[in-house]
Amino acid sequence: QVISGGHYDVDCYVEDPNGKTIYQETKKQYDSFSHHTDLKGVYTFCFSNEFSTFSHKIVYFDFQVGDEPPILPDMNNRVTALTQLESACVTIHEMLNAVIDSQTHYRLREAQDRSRAEELNGRVSYWSVGETLILFVVSIGQVILLKSFFTEKRPSSSGAGT
């Protein structure tokens with residue numbers, strides 16, 4: 001997910017150890033990609049900002065490696081039904097995973113909003129400095145104009161008198 005910068009979009013691709021592209025998207029703000037690997041090795045992922053080189057971007061990504069271990073021992077090999085306590089543990093675990101996903105979503109939204117607020121604060125600061133400078137120029141201009149109203153203009157003496 002693109003948190004800040006530009007139009008909130010970025011290019012992304014993922015390659016397997018053989019160099020084969022297994023995922024490629026352009027100009028995406030948010031996306032999810034699941035892949036079960038067949039090859040062992042180094043997988044490469046790249047976020048590209050080629051189309052918008054002037055705006056810097058902050059990107060959040062999260063990846064999980066491997067399957068989640070079972071909550072209870074021998075849960076996958078169990079033939080009988082779960083007890084009420086075991087069932088409650090599984091339900092609580094699933095709900096906590098949903099809470100973790102929601103918190104991640106809210107943290108990302110908070111980071112986006114914080115970035116936008118910081119940008120707006122910078123713009124307001126520059127606008128205030130500009131207004132202050134204009135206010136000083138106008139004030140000095142008014143003082144000079146008022147001073148010219150109250151200064152006596154003396155006629156110039158040109159040696160044409162008797």
Side-chain angles (χ1 to χ4, degrees), residues 1-72 75-76 82 85-149:
Q1 179 172 353
V2 180
I3 296 175
S4 69
H7 295 287
Y8 296 99
D9 52 359
V10 72
D11 297 341
C12 178
Y13 69 87
V14 178
E15 290 181 352
D16 66 5
N18 294 335
K20 178 183 171 190
T21 302
I22 55 176
Y23 172 81
Q24 184 171 5
E25 286 294 329
T26 57
K27 295 188 178 183
K28 286 287 218 171
Q29 178 183 1
Y30 175 83
D31 200 8
S32 180
F33 168 67
S34 298
H35 177 70
H36 192 311
T37 59
D38 298 327
L39 302 170
K40 289 187 177 183
V42 176
Y43 284 77
T44 306
F45 56 94
C46 178
F47 297 101
S48 173
N49 193 23
E50 222 170 68
F51 55 88
S52 179
T53 57
F54 293 112
S55 62
H56 299 284
K57 297 183 179 178
I58 298 174
V59 177
Y60 170 82
F61 67 95
D62 180 27
F63 60 93
Q64 298 172 351
V65 178
D67 295 329
E68 186 175 336
I71 301 168
L72 304 170
M75 187 169 172
N76 294 335
L82 296 175
L85 179 64
E86 292 170 337
S87 178
C89 287
V90 169
T91 304
I92 290 171
H93 180 73
E94 290 170 354
M95 288 181 180
L96 286 175
N97 282 337
V99 167
I100 290 170
D101 290 342
S102 295
Q103 284 180 336
T104 302
H105 173 73
Y106 291 134
R107 284 187 187 119
L108 291 174
R109 291 293 303 267
E110 188 270 335
Q112 281 180 333
D113 294 341
R114 172 98 180 161
S115 173
R116 189 169 302 216
E118 293 289 335
E119 180 184 337
L120 185 60
N121 183 30
R123 287 183 180 184
V124 168
S125 297
Y126 287 133
W127 181 259
S128 298
V129 168
E131 280 186 333
T132 303
L133 291 175
I134 290 172
L135 184 68
F136 280 134
V137 168
V138 169
S139 298
I140 292 170
Q142 285 180 345
V143 167
I144 291 172
L145 184 66
L146 277 173
K147 192 174 181 181
S148 72
F149 286 153

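Computed from heavy atoms alone, side chains included, the values below leave out hydrogens, waters and symmetry copies. Along the sequence shown, the residues carry numbers beginning at 1.
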Anything under 3.5 Å between a donor and an acceptor, one on a side chain of residues 93-102, the other on a protein residue two or more places apart or in another chain? List them.
from, atom 1, to, atom 2, distance (Å)
His93, NE2, Glu68, OE2, 2.3
His93, NE2, Asn97, ND2, 3.3
Ser102, OG, Ala98, O, 3.1

Open item on the list: With rounding to the nearest 0.5 angstrom, report the OG to CD distance, Ser48 to Glu25.
Closed with: 13.5 Å
Task: For Phe47, all residues meeting ring pair (Phe, Tyr, Trp, His ring centres under 6.0 Å), sequence neighbours excluded - done: Phe61
- [ ] Quick one: closest heavy-atom pair of Thr26 and Asp11, and the distance?
- [x] CA-OD1, 3.1 Å
Task: Main-chain N/O of Lys20 paired to Asn18 side chain as donor or acceptor, under 3.5 Å - done: no
TODO: Please answer whether the main-chain N or O of Ala111 pairs with a side-chain N or O of Ser115 as donor and acceptor at a distance below 3.5 Å.
DONE: no
Task: Partner set under salt bridge (Lys or Arg N to Asp or Glu O under 4.0 Å) for Glu119, not counting sequence neighbours - done: Arg123
Give the table of side-chain donor-acceptor pairs shorter than 3.5 Å for residues 130-140, with sequence neighbours excluded, one pair per line with atom names and distance.
from, atom 1, to, atom 2, distance (Å)
Glu131, OE2, Trp127, NE1, 2.9
Thr132, OG1, Ser128, O, 2.8
Ser139, OG, Leu135, O, 2.8

Open item on the list: Under the rule for side chain to side chain contact (heavy atoms under 4.5 Å, CB included), what residues qualify as partners of Thr37, not counting sequence neighbours?
Closed with: His35, Tyr43
Task: Residue list, side-chain hydrogen bond (donor to acceptor under 3.5 Å, both in side chains) with Glu118, at least two apart or on another chain - done: Arg114
TODO: Working to the nearest 0.5 Å, report the span between SG of Cys12 and OH of Tyr23.
DONE: 5.5 Å
